[in-house]
> 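One structure coming up, written as structure tokens, with questions to follow.
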Amino acid sequence: MDALASGAAAEQIGQIVRAQTMQTPPPEVAHAACAQGCAFCCILDGPDGGTITENEARRMHAALAPLAGRPDGRAWHPAACPALDPDSRTCRAYEARPSLCQSFFSSDAEACRANADGEAVAGAGLLGSHFDQLDVMALARAALGGPAHARSYALSELAAAAIEGRDLDASLAAARQSPGTLDAARRGLAAAAGAATAGGDG
Ligand code: SF4
Ligand code: SF4
């Protein structure tokens, strides 16, 4: 039950799917342009930067708490993830980064730059494993009796609270998403994936 509530089970399934995907990688992975210091993907989309599990939120907090008070990614770009080092543009929570970050690849850094500026340019995208993780989070929530029993959290708000020096409980409280956010995120990603497929076919 704990693994369902914390999101650990959802993460495990996402990791299994990602490992399977990597055996026959899609073009964004096979021809990835990703490199250290290339951080346009860390300019976060939407009001809260994306959905993470409680397990991921706890890991992120543990990784970032020692950095409390240091300049964060927003010193480079106002919408950047606070976990980003603003000088080197590398992730300071790399080993703890959530599925959302582990699942994002691109064959074109310029496409990432354009997307961060609000354009819709092909070449970058999320692996299906992250969709699966969100689906399992939603199933766990339904099985356990609702959002109060399987919470979701906002990546950028959790990272900001940790970097600002708030303790774990305060950071989780600041980053906790409203009950409808998980389903809205799933619908948004499905719509974006559908639009990308339609564009590719056209
Ligand atoms: S996803 Fe895009 S911005 Fe991020 S490292 Fe890869 S090429 Fe660079
Ligand atoms: S957690 Fe790390 S990889 Fe993910 S958006 Fe933040 S800085 Fe980038």
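Here the structure is a predicted model, which means the values were calculated and not measured. When a ligand or atom number is given, it counts from 1 through the structure's own listing order. The basis for the numbers below is simple: all heavy atoms, side chains too, and nothing from hydrogens, waters or symmetry mates. Residue numbers count from 1 along this sequence.
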> Using a 4.0 Å heavy-atom cut-off, say whether Cys112 meets ligand 1 through its side chain, its backbone, both or neither.
side chain

> Only one of Glu56, Arg141, Glu54, Arg176 forms a side chain to side chain contact (heavy atoms under 4.5 Å, CB included) with Ser152, so which one is it?
Arg141

> Can you find a side-chain donor-acceptor pair between Arg18 and Gln102 that sits under 3.5 Å?
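Their side chains do contain a donor-acceptor pair, which is all the 3.5 Å distance test asks for.
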
> Which of these, His130, Arg186, Gln177, sits in a side-chain hydrogen bond (donor to acceptor under 3.5 Å, both in side chains) with Thr51?
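Checked His130, Arg186, Gln177 against Thr51; only one passes side-chain hydrogen bond (donor to acceptor under 3.5 Å, both in side chains): Gln177.
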
> Out of all atoms in ligand 1, which are within 4.0 Å of some heavy atom of Phe104? Include the element for each.
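Per the distance check, 1 (S).
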
> If we set the cut-off at 4.0 Å for heavy atoms, which region of Arg92 has an atom near ligand 2: side chain, backbone, both, or neither?
neither

> Applying salt bridge (charged side-chain N to carboxylate O under 4.0 Å, His left out), can you list everything that pairs with Arg113, at least two apart in sequence or on another chain?
Glu110

> Quick one: closest heavy-atom pair of Leu127 and Phe105, and the distance?
CD1-CE1, 3.7 Å

> For atom 6 (Fe) of ligand 1, which protein heavy atom lies nearest, and how many Å away is it?
Cys34 SG, 2.3 Å

> Apply salt bridge (charged side-chain N to carboxylate O under 4.0 Å, His left out) to Glu11 and list each qualifying residue two or more places apart in sequence or on a separate chain.
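Glu11 satisfies salt bridge (charged side-chain N to carboxylate O under 4.0 Å, His left out) with Arg59 once adjacent residues are dropped.
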
> If every non-hydrogen atom of Arg151 is compared with every non-hydrogen atom of Met137, which pair is closest and at what distance?
O-CE, 4.3 Å

> Could you tell me, atom by atom, which parts of ligand 2 come under 4.0 Å of a heavy atom of Met60?
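Once the distances to Met60 are compared, the set is 1 (S).
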
> At less than 2.8 Å, how many protein N/O/S atoms surround atom 4 (Fe) of ligand 2? Leave waters out.
1

> For Asp45, which residues count as a side chain to side chain donor-acceptor pair (under 3.5 Å) partner, sequence neighbours excluded?
none

> Where do Ala80 and Gly73 come nearest, in terms of heavy atoms and distance?
CB-O, 3.3 Å

> Please compare Cys38, Ala32, Ala109 and report which has the shortest non-hydrogen distance to atom 5 (S) of ligand 1.
Cys38

